[in-house]
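Heads up: the structure comes next, in structure tokens.
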Amino acid sequence: MRNVEIAKLFYEMADILEMKGVDWKPAAYRRAARSLEALSEDVEILAKENRLHDIPGIGEGLAAKINEYIKTGKMKEHDELLRSIPKDIVLLMQIPGMGPKKAKFLFQKLGIHSVGQLQKAAEQHKLAKLAGFGTKTEENILRGIRIFKTGHERMLLGRAYPLAMYIVKELQKKKEVGKISIAGSMRRMSQTVGDIDILITSQKPEPIMDTFTTLPEVQTVLAKGHTKSTVILTAGIQADVRVISEKSFGAAMQYFTGGKDHNISLRNIAIKKGYKLSEYGLFNKKTDVFVAGKTEEEVYNKLGLQYVEPEMRENKGEIELAAKGKLPKLVRQDDIKGDLHMHTTYSDGENSVREMVSTAVRLGYEYIAITDHSATQRIARGLEEERLRKLWKEIDKVQDEFPAIRIFKGSEVDIKADGSMDYSENILKELDIVVGSIHFGLKRDNTERTLRALTNKYVTIIGHPTGKRYGIRDPYTLDLSRIYCAARDAGKVLEIDGQPERTDLSDVNVHEAVKAGVHLVIDTDAHSVEQLRNYMRYGVGTARRGWATAADIINTLPLKKFEKVIRR
DNA sequence: GCCGTTTTCGGCCCGACTGTTTTCAGTCG
């Protein structure tokens, strides 16, 4: 998969073209780059099959560039553009508050072509003297450099979500707040988010903005207005609050939830139907008369579309399906009847069997599986046979105490280097649920190893199938299309691990697996009651982003049916 | 550079906030 690699080239080219003052091309290159990133198919395969034109935003010119790059490892225009300007100058545009115009102007006037030079010039107050610049701009640039240097990377959804909930809770205390909701990539349950977007309805926004911009977690106020305020939180992420009128709330939710390309498509549909769509509503283009906007459903319906769930709004074919009324009915968190991957103090978990079970009961689950690590996982205090049997006795005891829930005896069993399992057949056959997982040997191709595990009749689930951990390691090499086929044919289940830095399978993987007809399970892989409560949300979000329905997910089955499936 | 039930040429989402400016350009989302 070189999709992301090629997308990066296009982003770079867009930045340089923008600095050069070229019209429209930058937007076209960026659109193509976003399409490539969101693509679930391998761009090299599409190129081989001459289907690059199927990718939205890719036409004659860009297809030729992709082909050139795949064949030769080079892209002539990219090389030429890089040569045409000093190397680091595009970095200047990534500083908040700096855009192509300022970067170009400062390069021409002062010869600034690196972040260091820019900082020096601002500190020596050389910028404020320039036409169109002032002391405020100078301060803003210095602040932008600080933000740029400390972490301009995106934040994991699982870290940002609790922060967003905290802000919502604090603002809800204000009597001026009507409706309040999260929007943006967080509402789309993207694995990482660039900022936190919160929408509010109110007649009297000033006191809300006062409270928001003075929360103790706020480090810097970037903007404060009647309808929009922006802050940087001490946690290192930006948060925006927007205040909207009641009648525009749905249109604003739609607008600020995005994604970008989904919205652009929607706007084009609006224009074709004689409307104009903005965050204030859907309007008749000629008369400016308000047509819809109170709810998102209303906006979609007026455009001749089914309501599209936020997690699907990535312009990956959902609009075409919505026009035909054929959107899939996505799995929901309250469809989930049990959690089949969790750890206790017997291995590397923080809570006892009893604590995990009582939490699961409160969550309303019908069943769970306790799946501590197998013997090889010494670091995680993996269980050898004697301690495993001791755990089973404890499970039996807790089971008697909580008859409302079925507790399965499970294990997260290591898949060894040769694809065999870390427990003997005698132990495996006594387990209700076996989650087979790879925890070492992550640098090699693990296709055959996983395929062999899939042939083991005692393996129920393959845990975190690609080994990816965001910001820690890439997925190991794996021919997933073979894994999907083998899992489907053997009646095995692939896991969507809800740990925020994993979400493994990923949204893109889930989409492929669902198309391939593989059964999936959504687990928390919880190492504490806290995670048991909170991580299912991220697993379900990932499943929904991959267009999974309840029928694709085995832990939506009620206990009786579920038992039948795993026994088979 | 892409794209087409207005168009194969001429459009390309749209509005808020800021700063520096007396009316608007730049940036952001």
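Order of the sequence lines sets the chain letters (A, B, ...), proteins ahead of strands, with each chain counted from 1.
Considering every non-hydrogen atom in both A/Phe212 and A/Val231, the closest pair reads CZ-CG2, 3.6 Å.
Closest approach to the A/Glu77 side chain among B/dG29, B/dG1, B/dG19 is made by B/dG1 (side chain taken as heavy atoms from C-beta onward). Side-chain proximity of A/Leu62 to the nucleotides B/dC17, B/dG1, B/dC14 is greatest for B/dG1. Considering only the side chain of A/Arg267, B/dC14 comes nearest among B/dC17, B/dC14, B/dG29. Which of B/dT6, B/dG29, B/dT18 sits closest to the side chain of A/Asn140 comes down to B/dT18. The side chain of A/Ile271 approaches B/dT6 more closely than any other nucleotide in the set B/dT6, B/dT27, B/dG19. Comparing B/dT27, B/dG15, B/dC17 against the side chain of A/Thr227 picks out B/dC17 as the nearest.
Of the two residues near DNA chain B, A/Phe256 and A/Glu279, the one whose nearest nucleotide lies more 5' is A/Glu279. Judged by closest nucleotide on DNA chain B, A/Leu130 is the one of A/Leu130 and A/Pro96 placed further toward the 5' end.
In terms of polar N and O atoms assigned as donor or acceptor, the side chain of A/Tyr255 comes within less than 3.5 Å of the base of B/dG29 in a complementary pairing.
Contacts of residues 9-28 of chain A with DNA chain B (heavy atom under 4.0 Å): A/Trp24, A/Lys25, A/Ala28.
Using modelled atom types, one finds a donor on one side chain and an acceptor on the other under 3.5 Å when comparing A/Tyr484 with A/Glu512. A side-chain donor-acceptor contact under 3.5 Å links A/Ser481 and A/Asp479.
When heavy atoms are screened at a 4.0 angstrom cut-off, A/Lys260 is found touching base atoms of the nucleic acid. If you check every strand for non-hydrogen atoms under 4.0 Å, A/Tyr29 touches sugar and phosphate atoms only. A/Ser35 comes within contact range of no nucleotide atom at all, as no heavy-atom separation falls under 4.0 Å.
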